[in-house]
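Heads up, the thing below is written out as structure tokens.
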Protein chains: 2
Amino acid sequence: MSEQVDKNLAERAKVFRALGHPMRLILLNLIREKPRHGQELAAILSLNPATVSHHLAALSNAGMVVSTKDQYYQIFSLVKENLAKTLDEMIYIPSAQMMDSVKEDAYKKKVLRTFFHNNILLAIPAQRKKQQIILEEIANAFEFNRKYSEKEVNHILVDFYEDVASLRRGLIDFGLMERSQGVYWRIKKPSDPLPESSLLTNKED
Amino acid sequence: MSEQVDKNLAERAKVFRALGHPMRLILLNLIREKPRHGQELAAILSLNPATVSHHLAALSNAGMVVSTKDQYYQIFSLVKENLAKTLDEMIYIPSAQMMDSVKEDAYKKKVLRTFFHNNILLAIPAQRKKQQIILEEIANAFEFNRKYSEKEVNHILVDFYEDVASLRRGLIDFGLMERSQGVYWRIKKPSDPLPESSLLTNKED
DNA sequence: TATTTATTTTCAATTTCATCAAATTATATT
DNA sequence: AATATAATTTGATGAAATTGAAAATAAATA
């Protein structure tokens with residue numbers, strides 16, 4: 001439940017962050033006039049195309065714009081529905097959920113501080129609740145709607161912790177990722193079931 | 001005119017940036033329930049008071065909260081009026097002003113790129129229009145609603161450029177700062193008049 | 001196939017932000 | 001005065017964001 005809010009919270013913050021740059025506000029207004037492609041926007045703003053691409057990616061990740069491909073043009077247009085809310089609505093957390101959310105947040109932060117240092121996992125926690133927290137954190141290194149080979153998965157995981165096999169299995173067990181014939185992909189927030197298995201018990205893969 | 005928009009743009013972006021952090025969203029919701037002081041908020045969130053202070057300063061600078069002093073408590077409360085707008089309204093720039101704004105922005109960026117490197121002023125431009133741009137940039141290093149001694153002013157300016165006397169005089173001439181008996185303060189955007197004097201002509205101070 | 005055009009990704013340099021400890025400022029209490 | 005409490009500022013450190021050059025993709029066209 002409070003999970004839901006927390007998740008939401010991070011996502012709301014992401015929207016605000018995406019809007020928190022003057023150049024991106026100009027981009028949105030140019031796109032509002034009519035859908036445009038990156039090259040055009042870069043020309044208008046006399047900006048490096050790569051820079052525009054970065055900005056558009058941020059806006060796209062936050063759901064403020066969508067793009068469709070037309071020939072070799074990527075045409076960006078505004079998602080007006082997502083701009084209809086007031087700041088107030090974007091910010092609001094029902095007070096019933098507040099304390100849960102706050103406590104959850106404080107607990108998570110404590111666990112992450114304990115088990116991570118400089119983005120490196122010091123050890124795999126013994127408690128499943130804590131495993132869940134650290135695995136959710138690690139899962140964020142993977143994008144949604146993308147396939148990863150096992151090699152790619154390992155490459156990402158080894159930066160966190162040497163025992164990539166345990167991490168990989170944990171991500172699957174906790175429903176954060178799925179695998180089919182050697183291909184992995186991230187899963188869109190499961191309904192938070194604690195799995196039977198623990199990362200510290202059955203070690204085979 | 002397009003100045004007006006640009007200025008606005010930066011300010012709007014600042015509001016979004018202030019809202020672009022999960023912790024600050026929680027802070028706003030806690031403050032919404034009832035006005036609170038920093039210590040209380042820090043305790044609830046098990047956060048260092050200094051951290052809370054920084055967050056509240058960001059929210060305050062963006063106009064999302066105000067504070068009143070009561071004994072030695074600084075009580076923060078929500079500015080609901082500023083949360084009533086939709087994202088759309090916050091973002092919108094009338095298309096008439098768009099092109100002006102864009103051109104202005106591109107020009108400014110070009111001038112700043114030419115005359116600054118790593119936040120250091122390479123030279124004082126000869127044209128007053130460009131002087132204005134670089135001085136406005138430098139003026140941002142000073143806060144509003146604060147007094148600075150000449151020593152403090154110099155200390156800030158010397159990081160930009162050795163000839164602090166010229167910069168100081170420029171800030172005054174262009175109406176970006178005012179001085180009275182050795183005390184300086186920043187001025188709230190004048191109506192952009194180009195002064196008669198140029199930084200490169202009369203050099204006495 | 002080779003070349004052009006648009007876009008994205010990767011990498012590196014730089015800047016800005018987040019966080020907390022320590023020092024400082026301001027007010028209240030003894 | 002000395003002590004206690006709240007808040008802010010400063011400094012250090014790590015994390016994240018911005019930017020653009022260069023390389024990699026992808027589609028169109030000669």
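Chain letters run A, B, ... following the sequence lines, proteins first, then strands; residues in each count from 1.
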message: Can you confirm whether A:Lys85 is buried at NZ, in the sense that more than 12 heavy atoms of other residues, nucleotides or ligands lie under 6.0 Å from that atom?
response: no
Ignoring the backbone of [X], work out which of [options] is nearest its side chain.
X: B:Gln39; options: D:dA7, D:dT19, C:dT19; answer: D:dA7
X: A:Arg17; options: C:dA18, C:dT8, D:dA17; answer: D:dA17
X: A:Gln74; options: D:dA7, C:dT8, C:dT19; answer: C:dT8

Do any side-chain nitrogens or oxygens of [X] fall under 4.0 Å of OP1 or OP2 in [N]?
X: A:Ser53; N: C:dT8; answer: yes
X: A:His21; N: D:dT19; answer: yes
X: A:His55; N: C:dT8; answer: no
X: B:Thr51; N: C:dA18; answer: no

message: Tell me whether the rings of B:His55 and B:His21 are parallel (<30°), tilted (30 to 60°) or perpendicular (>60°).
response: tilted
For [X] and [N], give me the distance from atom [atom1] to atom [atom2], rounded to whole Å.
X: B:Ile44; N: D:dA6; atom1: CD1; atom2: C1'; result: 15 Å
X: A:Leu112; N: C:dC20; atom1: CG; atom2: P; result: 13 Å
X: A:Phe116; N: D:dA16; atom1: CZ; atom2: C1'; result: 16 Å
X: A:Tyr73; N: C:dT4; atom1: OH; atom2: C1'; result: 11 Å
X: A:Leu41; N: C:dT7; atom1: CG; atom2: C1'; result: 12 Å
X: A:Leu45; N: D:dG20; atom1: CG; atom2: P; result: 11 Å
X: A:Leu59; N: D:dT18; atom1: CG; atom2: P; result: 10 Å
X: B:Glu152; N: D:dT10; atom1: CD; atom2: C1'; result: 15 Å

query: Considering all heavy atoms of both residues, which atom of A:Ser166 and which atom of A:Ile124 are nearest to each other, and what is their separation?
result: CB-CD1, 3.8 Å
message: With no hydrogens and no angle check, just 3.5 Å: does a side-chain donor-acceptor pair link B:Gln131 and B:Gln127?
response: no
Side-chain H-bond candidate by donor/acceptor type, A:Arg17 with A:Asn61, under 3.5 Å: no
- prompt: Can a salt bridge be assigned to the pair B:Arg169 and B:Asp163 using a cut-off of 4.0 Å between side-chain N and carboxylate O?
  reply: no
- prompt: Are A:Arg168 and A:Glu150 within salt-bridge range, i.e. N to O under 4.0 Å?
  reply: yes
Extract from the structure each pairing of a protein N or O with an N or O of nucleotides 21-28 of chain C at less than 3.5 Å, listing the distance.
from	atom 1	to	atom 2	distance (Å)
C:dA21	OP2	B:Asn48	ND2	2.9
C:dA28	OP1	B:Gln71	OE1	2.5

query: Closest nucleotide of DNA chain C for A:Pro49 versus for B:Gly20: which of these residues is on the 5' side?
result: A:Pro49
